[in-house]
Amino acid sequence: MQKLILSFTLLFCNYCFAQESNNIDTVIEKWHKAAAEANFKAYFDLMTEDAIFIGTDPTENWSNTDFKAFAKPYFDKGKAWNFSTLERNIFVEDDSKIAWFDELLDTQMGICRGSGVLQKTDSGWKIRHYVLSIAIPNENVKEITELKKKFDTALIEKLRAN
């Protein structure tokens, strides 16, 4: 009898995780779709009010308010960005209101990696923190490092001076 109860409990937990994972996957897909369709309201409604977006440039670490200001002109032109998912991993702890994920994306910049944190709110899962990185193959790191050396050196000096 104990084995039956344990089996049922494990099956139920797996079902719950799968449901949450599907809900989270749907939110992330809707978020990317809203950007592709330049739907400003839908895009930012899927983020928490205190969300952070970290872009590919080292100076891009935006609060939700600042990111809205940056993104609005792109959305207003009817063309924001179009990211399609190549691969995604979602992680949720049991009974948690926090989930995290990583993903590979097909973008106008080539393959990028995204990672983020979602928070379960009264209105469902929302993105609270997102990091977008351009994926660079290891064999190209040396040439990319050289290409950005001047920029990096100046930014490092500026940040260390603060």
Intermediate values then yes/no, side-chain contact (heavy atoms from CB on, under 4.5 Å), Glu20 and Lys120: CA-CA 10 Å; Glu20 287 294 10; Lys120 194 171 197 178; 2.6 Å; yes
Ring pair (Phe, Tyr, Trp, His ring centres under 6.0 Å) partners of Phe70, counting only residues at least two apart: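 Result, ring pair (Phe, Tyr, Trp, His ring centres under 6.0 Å) vs Phe70: Trp62, Tyr74.
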Can you pull the salt bridge (Lys or Arg N to Asp or Glu O under 4.0 Å) pairs that have at least one residue in [range], sequence neighbours excluded?
range          : answer
residues 22-38 : Asp25-Arg88, Glu29-Arg88, Lys33-Glu37
residues 68-85 : Lys72-Asp76
residues 39-58 : Lys41-Asp45, Asp50-Arg128

Cluster question for you: counting only ILVMFWY and a side-chain heavy-atom cut-off of under 4.5 Å, with indirect links fine, are [X] and [Y] together?
X      : Y      : result
Trp81  : Ile127 : yes
Ile52  : Leu118 : no
Ile144 : Phe151 : no
Phe67  : Phe40  : yes
Ile24  : Leu104 : no

With Trp125, the side chain to side chain contact (heavy atoms under 4.5 Å, CB included) member among Thr26, Asn23, Thr48: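 The residue from Thr26, Asn23, Thr48 that satisfies side chain to side chain contact (heavy atoms under 4.5 Å, CB included) with Trp125 turns out to be Asn23.
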Residue pair Glu146, Glu143: steps toward the side-chain contact (heavy atoms from CB on, under 4.5 Å) verdict: CA-CA 5 Å; Glu146 188 59 37; Glu143 65 189 279; 5.7 Å; no
pair [X]-[Y]: side-chain heavy atoms closer than 4.5 Å:
X      : Y      : result
Lys126 : Leu46  : no
Ile90  : Trp100 : no
Phe44  : Asn64  : yes
Leu105 : Leu86  : no

Residue Ile111 excluded, over 12 heavy atoms near CD1 under 6.0 Å: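 Atom CD1 in Ile111 is not packed in, count stays at 12 or less.
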Heavy atoms of other groups near Asn140 CG, more than 12 under 6.0 Å: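 Atom CG in Asn140 is crowded, with more than 12 foreign heavy atoms closer than 6.0 Å.
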OG1 on Thr107 to NE2 on His32, rounded to 0.5 Å: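 Interatomic distance, His32 NE2 to Thr107 OG1, rounded to 0.5 Å: 10.5 Å.
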Phe75 ring center near Tyr43 ring center (under 6.0 Å):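 Phe75 vs Tyr43: aromatic centres under 6.0 Å.
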Flag for Ser123-Thr121: side-chain donor and acceptor within less than 3.5 Å: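 Short answer, yes.
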Audit row: Thr85, Asp106, side-chain contact (heavy atoms from CB on, under 4.5 Å) steps and yes/no: CA-CA 6 Å; Thr85 307; Asp106 180 2; over 6 Å; no
Residue pairs, two or more places apart or on separate chains, that pass side-chain hydrogen bond (donor to acceptor under 3.5 Å, both in side chains) and touch residues 151-162: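 Passing the test, one end in residues 151-162: Lys148-Asp152.
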Ring geometry between Phe53 and Trp31 (parallel below 30°, tilted from 30 to 60°, perpendicular above 60°):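 Plane angle between 30° and 60°, so tilted.
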Minimum-distance pair of heavy atoms, taken over all atoms of Ala38 and Gly78: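 Minimum heavy-atom separation between Ala38 and Gly78: CB-C, 3.5 Å.
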Under the side-chain contact (heavy atoms from CB on, under 4.5 Å) test, residues paired with Ala42 that sit two or more places apart: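 Partners of Ala42 under the side-chain contact (heavy atoms from CB on, under 4.5 Å) test: Ala34, Asn39.
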Derivation and outcome, side-chain contact (heavy atoms from CB on, under 4.5 Å), residues Ile54 and His129: CA-CA 8 Å; Ile54 298 175; His129 191 265; 3.7 Å; yes
